[in-house]
Amino acid sequence: KAGVTQTPRYLIKTRGQQVTLSCSPISGHRSVSWYQQTPGQGLQFLFEYFSETQRNKGNFPGRFSGRQFSNSRSEMNVSTLELGDSALYLCASSSAGTGSTNEKLFFGSGTQLSVL
Amino acid sequence: AQSVTQLDSQVPVFEEAPVELRCNYSSSVSVYLFWYVQYPNQGLQLLLKYLSGSTLVKGINGFEAEFNKSQTSFHLRKPSVHISDTAEYFCAVRHNFGNEKLTFGTGTRLTIIP
């Protein structure tokens, strides 16, 4: 069974640009969550999608958005990039929606975004 | 809202020595607790989790953690570490009801010294 796949692995952008990151969950998983990882801040929750609906949202500005498709693949978009958006963006999938006691997150290797 | 504190950002340990990585949480309601490990250039993977029942939880790779409700702690331990345990370890918490998100700590980088 293939794991969680994130593309691209590395991305370099300049301030003001926008970027789209992609995440393909494990086959059969309907929940996809996104996290921003920076040194010293740990993992900050961005949002979670379950069956194409955003079910949870973290405390990030509206420049960060996402969506989920009918095949459970998810995309995350960041508009008007700022230097502080440089981070590793991790996607995680789960077979159960958040709130289930059987919830176990499977993480991808992440997309390393550098904003210059 | 819940929060997690990992006081030690870096922990160096000699090979075959024991290790304890500390995690304290804050929540006004009952919680589920997790430890995840991130090896270099990889995503996170679940080490162990506490949902209910026995407060001593055993996970993969010889790790275990003990839930202490009075101390609001969930420290991770291993009696004898290997070089391959070098990684970053994250403690996480969420409420045990509803569609709540996981809240992660800032991580502890464990370095094993040969």
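Below, chain A is the first sequence line, B the second, and so on; all start at residue 1.
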Student: For the atom pair CD (B:Q42) and CZ (A:F107), what is the distance rounded to the nearest 0.5 Å?
Tutor: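 Nearest 0.5 Å value for the CD-CZ distance: 13.0 Å.
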Student: Show me the pairs that pass side-chain hydrogen bond (donor to acceptor under 3.5 Å, both in side chains) and involve residues 78-87 of chain B, at least two apart or across chains.
Tutor: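 The answer is B:K78-B:D85.
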Student: For residues B:F63 and B:L33: do they belong to one hydrophobic cluster (side chain heavy atoms under 4.5 Å, members Ile, Leu, Val, Met, Phe, Trp, Tyr)?
Tutor: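 They do share one cluster, since a chain of ILVMFWY contacts under 4.5 Å joins B:F63 to B:L33.
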Student: Is A:L88 reachable from A:Y10 through a run of hydrophobic residues whose side-chain heavy atoms are each under 4.5 Å from the next?
Tutor: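 Different hydrophobic clusters.
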Student: Determine whether B:N41 and A:Q112 make a side-chain contact, defined as any pair of heavy atoms from C-beta on separated by less than 4.5 Å.
Tutor: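 No - every pair of side-chain heavy atoms lies 4.5 Å or more apart.
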Student: Do B:Y32 and B:W35 land in one hydrophobic cluster if side-chain heavy atoms of ILVMFWY residues count as linked below 4.5 Å?
Tutor: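 Hydrophobic grouping puts B:Y32 apart from B:W35.
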Student: May I ask you to check whether over 12 heavy atoms, not counting those of A:R9, lie within 6.0 Å of atom CZ?
Tutor: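 Enclosed.
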Student: Is the shortest heavy-atom distance from the side chain of A:F45 to the side chain of B:L102 under 4.5 Å?
Tutor: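 No. Closest side-chain heavy atoms not under 4.5 Å.
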Student: Select one option (side chain, backbone, both, neither) describing which atoms of B:Q6 are under 4.5 Å from chain A's heavy atoms.
Tutor: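 The answer is neither part of B:Q6.
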Student: Would one find more than 12 heavy atoms of other residues, nucleotides or ligands at under 6.0 Å from atom OH of B:Y39?
Tutor: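 Yes, because the 6.0 Å sphere around OH of B:Y39 holds more than 12 heavy atoms from other groups.
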Student: Is the shortest side-chain heavy-atom distance between B:Y36 and A:L105 below 4.5 Å?
Tutor: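 Side chain of B:Y36 against side chain of A:L105, heavy atoms only: contact under 4.5 Å found.
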Student: Checking heavy atoms, do the side chain of A:Q37, its backbone, both or neither come under 4.5 Å from chain B?
Tutor: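 It is the side chain, since no backbone atom gets that close.
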Student: Tell me whether the count of non-hydrogen atoms from other residues, nucleotides or ligands lying under 6.0 Å of CD1 in A:I12 goes above 12.
Tutor: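 No.
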Student: What's the spacing between B:L44 CG and A:L43 CG if we round to 0.5 Å?
Tutor: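 The CG atom of B:L44 sits 5.5 Å away from the CG atom of A:L43.
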Student: A:L90 versus B:Q38: any side-chain heavy-atom pair under 4.5 Å?
Tutor: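 A side-chain contact exists here, since the closest heavy-atom pair is under 4.5 Å.
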Student: Can you confirm whether or not the ring centre of B:F104 sits under 6.0 Å from the ring centre of A:Y35?
Tutor: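 Distance test on ring centres: under 6.0 Å, yes.
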